[in-house]
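Take a look at the structure below.
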2 protein chains.
Amino acid sequence: MRQNPTLKKIAEKLNVSISTVSRALKDHPDISSETKKKINELAELIEYDPNPYAINLRTHSSKEFAVVVPSLSNFFYHSFISAIEEDARDYGYSVIIYRSSNDPKIEQQILKSCRHKRVSGIFIAITSETTDIAPFLKLDIHGIPVIFFDKVPQYESCNKICVGDEHAASIAAEEILKKGFRNVLGIFGDKNMSITQARLQKFMEVMRNGNPEIDLKTVHARSSEEAEQLTLSLIPDYLEKKFAIFCMSDEILAGTMKAIQRKRLKPPHDLGLIGISDGMIPSLFYPEITYAETSGYNLGKLAYSRMMRCISGSSFAQTIIDQSKLVMGGSI
Amino acid sequence: MRQNPTLKKIAEKLNVSISTVSRALKDHPDISSETKKKINELAELIEYDPNPYAINLRTHSSKEFAVVVPSLSNFFYHSFISAIEEDARDYGYSVIIYRSSNDPKIEQQILKSCRHKRVSGIFIAITSETTDIAPFLKLDIHGIPVIFFDKVPQYESCNKICVGDEHAASIAAEEILKKGFRNVLGIFGDKNMSITQARLQKFMEVMRNGNPEIDLKTVHARSSEEAEQLTLSLIPDYLEKKFAIFCMSDEILAGTMKAIQRKRLKPPHDLGLIGISDGMIPSLFYPEITYAETSGYNLGKLAYSRMMRCISGSSFAQTIIDQSKLVMGGSI
DNA sequence: CTGAAAGCGCTTACAG
DNA sequence: CTGAAAGCGCTTACAG
């Protein structure tokens, strides 16, 4: 069980003071280049690396960002994290990933631990049951910026980076209108989720305005299985009028596709199908499913630059919406 | 920017020494229950929580585990991490997740940072290009146990927890034999991967021993797209003899399923299909695909108990293989 | 240009 | 039962 090298060890070996070593290693202008040289060489040789705990205790800063997500097996969050990591690396920050398992209790613990560890900032997609924003306010009091992304609280004055729910819903709706469908089934998620409300409302609005004649039905499913059941029971037996299904999310799309396969129907011939997705699930089928793209990567880039602005001080709360774009598959 | 409460603050308010507060808070037998009571009450009130950096600096221990994986958008790793987190919580450890992006350079950085942070232990699935095991040995010298899982190094004397590649391949092969297929296509991953070699070899062995008459063909695909192309070109035009496809991994299964959909074939009627998977992809199709299960959750439980053994000192190196089981879908 | 000293927030051996 | 003191490994204002 070997000890890590310390400033003291270097100082002793070189017969200088700890202060000098510390300064030399951070290229302080006071130190002669000769001294710097020998110190850096030895440090290199014995693989000195500063103890992050000591630094933090002293300076109250960690150069660490935390990303908190409800779930990890999620392509969207994965690309979000990639984007954050790319940028963070460039700025000398490291990033730690926490998973709340969509449990507000665990989320609270994570936030607490972030506070005690004095992370430099937090990116968080909250759980679907998070109602208490006090812990976030507390973080703020302690000078830790919080950037909400994807799943964000209702609370106004905070930094939020969101998928363009309305925009995504509207471009999907427009595609349905453009293709001239007359009979449309919209399957949405849990009624209580803010993204459900946003997507549903906009989708309806665009459909109604586009063509009031359309036979439009909307339902809510809280799971993949429920979406499958709903699809099974709501696909008309005779698909005479041009029929299309819109799926608000990947989870719903997965259920709906199972029902479609079960009925041995083939998009786009038998019916039209379109979703909102990050692109992973749609690419598993043939023909690939057309979707309005929600890009975790874009969101990550936006979130990071917001974070840097907060850290540099100019931290008025702001909500940023990332616009969506249509990715053409062959399902509609 | 408020300060977190400290021992000192409590001590001052209560007119006792810092030492007494520290001891009271950890229920040291020396302290009178009266003193303990008032200290705990105040601590509770002002939400005292010890500074983890100070503790670590003092005690050289972090009560933190690191999990390092190549990728996050992966159901298998997700369940592995769930299992670790469940157990860790019970023992008062927290777990930090790192992603190497399958890049040995990044992996090295992560390991270094784990060493400096003196994490209590590391669970790691190495990148496909990790060859240098020196960093892991160094961790060991510093008394940080490393448990390799899923993707493990060739190196003998270390702790490895692996999926039962041979076992999974053999139960899939046996299922094919049992159903009496005469014409079998096995699609495997990159030839250089150890799991490919293990799965291929065992699959062939079981098939040959089971029925030497079978028309068996094996191919390698390095991506989903390649698997799709291979499947398209290798499915016989006339499926007269009973034909089955075995897919070594989810990635390959995804490509193969696209080809099957493209050809408008329906398992199990037109052909048999079986894979090795964690279960996420197989459940997206109807009928669901039959697979030999590799469970991240099981692996996590096994890995954790190995870790605890290492921490408690009895740390001879050991390789543990998790056995697989057949999950029946309707594709074969 | 270099060093001695204080202090970040804790723990613990030692003394009483 | 309680406290004073040392020390974990760093940084930085102050002094020279």
Side-chain angles (χ1 to χ4, degrees), chain A residues 1-40 42-43 46-64 112-113 115-119 142-143, chain B residues 1-40 42-43 46-64 112-113 115-119 142-143:
Chain A
M1 184 115 164
R2 218 169 56 190
Q3 291 304 310
N4 279 319
T6 63
L7 289 186
K8 197 172 159 193
K9 219 171 285 179
I10 298 181
E12 279 167 2
K13 284 235 207 304
L14 258 30
N15 250 316
V16 291
S17 75
I18 295 177
S19 335
T20 303
V21 179
S22 173
R23 292 200 185 93
L25 255 17
K26 46 183 35 161
D27 205 20
H28 190 106
D30 270 1
I31 308 295
S32 75
S33 52
E34 195 188 358
T35 312
K36 272 182 193 164
K37 184 152 174 272
K38 70 178 184 187
I39 290 176
N40 276 299
L42 182 58
I46 65 176
E47 295 187 52
Y48 170 76
D49 259 292
N51 180 324
Y53 294 94
I55 294 179
N56 188 291
L57 190 57
R58 188 55 231 261
T59 64
H60 297 242
S61 90
S62 70
K63 289 294 238 176
E64 263 182 353
K112 207 189 208 177
S113 136
R115 182 151 55 82
H116 297 139
K117 296 174 74 175
R118 299 200 197 85
V119 300
H142 285 264
Chain B
M1 181 111 166
R2 219 170 56 191
Q3 291 304 309
N4 280 318
T6 62
L7 289 186
K8 197 171 160 195
K9 217 171 286 177
I10 298 182
E12 279 166 2
K13 284 232 207 302
L14 258 29
N15 250 316
V16 291
S17 75
I18 294 177
S19 333
T20 303
V21 179
S22 173
R23 292 199 185 95
L25 255 17
K26 45 184 35 162
D27 205 19
H28 189 108
D30 270 2
I31 309 294
S32 75
S33 54
E34 195 187 1
T35 313
K36 270 183 194 164
K37 184 152 175 274
K38 68 178 185 189
I39 289 177
N40 277 297
L42 181 58
I46 65 176
E47 296 187 51
Y48 170 76
D49 260 293
N51 180 323
Y53 294 95
I55 294 179
N56 188 290
L57 191 56
R58 190 53 232 261
T59 65
H60 296 243
S61 91
S62 68
K63 289 293 238 174
E64 262 181 355
K112 206 187 205 179
S113 136
R115 183 152 54 83
H116 298 139
K117 295 174 75 176
R118 299 198 197 87
V119 298
H142 284 264

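Chain identifiers are assigned alphabetically (A, B, ...) following the order of the sequence lines, protein sequences preceding nucleic acid strands; residue numbering begins at 1 within each chain.
Distance, A:Lys36 NZ to C:dC1 P: 9 Å, rounded to whole Å. Here the C1' atom of nucleotide D:dG9 and the CG atom of A:Asp49 are 13 Å apart, to the nearest Å. Computed from coordinates, the B:Ile10 CD1 to C:dG9 C1' distance equals 12 Å when rounded to whole Å. The interatomic distance linking A:Tyr53 (OH) with C:dG9 (P) rounds to 17 Å, in whole Å. Rounded to an integer number of Å, the gap from A:Glu34 CD to C:dC1 P is 10 Å. Remark: C1' of D:dC10 and CG of B:Asn51 are 14 Å apart, rounded to the nearest angstrom. If you take CG of A:Asn56 and C1' of C:dC10, they are 13 Å apart, rounded to a whole angstrom. Regarding A:Ile39, its CD1 atom lies at a distance of 8 Å from the P atom of C:dT2, rounded to whole Å.
Minimum atom distance to the side chain of A:Tyr48 is reached by D:dC10, of the listed C:dC8, C:dG3, D:dC10. With distances taken from any side-chain atom of A:His60 to the nucleotides C:dT2, C:dG9, D:dG9, the minimum falls on C:dG9. Residue B:Arg118 places its side chain closer to D:dG9 than to any other of D:dT2, D:dG9, C:dG9.
Taking NZ of B:Lys8 as the start and NZ of B:Lys13 as the end, the distance is 12.5 Å to the nearest 0.5 Å.
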Name the pairs: protein N/O against N/O of nucleotides 12-16 of chain D, kept only if under 3.5 Å.
{"unit_1": "D:dA13", "atom_1": "N6", "unit_2": "A:Arg23", "atom_2": "NH2", "d": "2.2"}

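Looking at A:Asn56, A:Leu57, A:Ile55 one by one, the single match for side chain to side chain contact (heavy atoms under 4.5 Å, CB included) with B:Leu57 turns out to be A:Leu57.
For B:Ser22 and B:Ser19, the side-chain atoms include no donor-acceptor pair closer than 3.5 Å.
Contact annotation for B:Ile55: backbone-only contact, meaning every heavy-atom pair under 4.0 Å involves sugar-phosphate atoms and none involves a base.
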Mind running side chain to side chain contact (heavy atoms under 4.5 Å, CB included) on B:Thr20 and B:Thr35 for me, showing each step along the way?
-> CA-CA 9 Å; B:Thr20 303; B:Thr35 313; 3.9 Å; yes

Show your working on side chain to side chain contact (heavy atoms under 4.5 Å, CB included) between B:Thr6 and B:Asn51 and close with a plain yes or no.
-> CA-CA 8 Å; B:Thr6 62; B:Asn51 180 323; over 6 Å; no

Side chain to side chain contact (heavy atoms under 4.5 Å, CB included) assessment of A:Leu42 paired with A:Tyr48 | CA-CA 8 Å; A:Leu42 182 58; A:Tyr48 170 76; over 6 Å; no

Test side chain to side chain contact (heavy atoms under 4.5 Å, CB included) applied to B:Lys117 and A:Glu64, step by step = CA-CA 12 Å; B:Lys117 295 174 75 176; A:Glu64 263 182 353; 3.0 Å; yes

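Side-chain atoms of B:Pro52 and A:Tyr53, non-hydrogen and from C-beta on, never get closer than 4.5 Å to each other.
For the pair A:Thr20 and B:Leu7, nearest-nucleotide mapping onto DNA chain C gives the more 5' position to A:Thr20.
Secondary-structure annotation of DNA chain D gives the stems C:1-3 with D:14-16, C:5-12 with D:5-12, C:14-16 with D:1-3, with a stem taken as at least 3 successive Watson-Crick or G-U pairs whose two distances both fall under 3.5 Å.
Screening residues 18-29 of chain B for salt bridge (Lys or Arg N to Asp or Glu O under 4.0 Å), with sequence neighbours left out, gives B:Asp27-B:Lys36.
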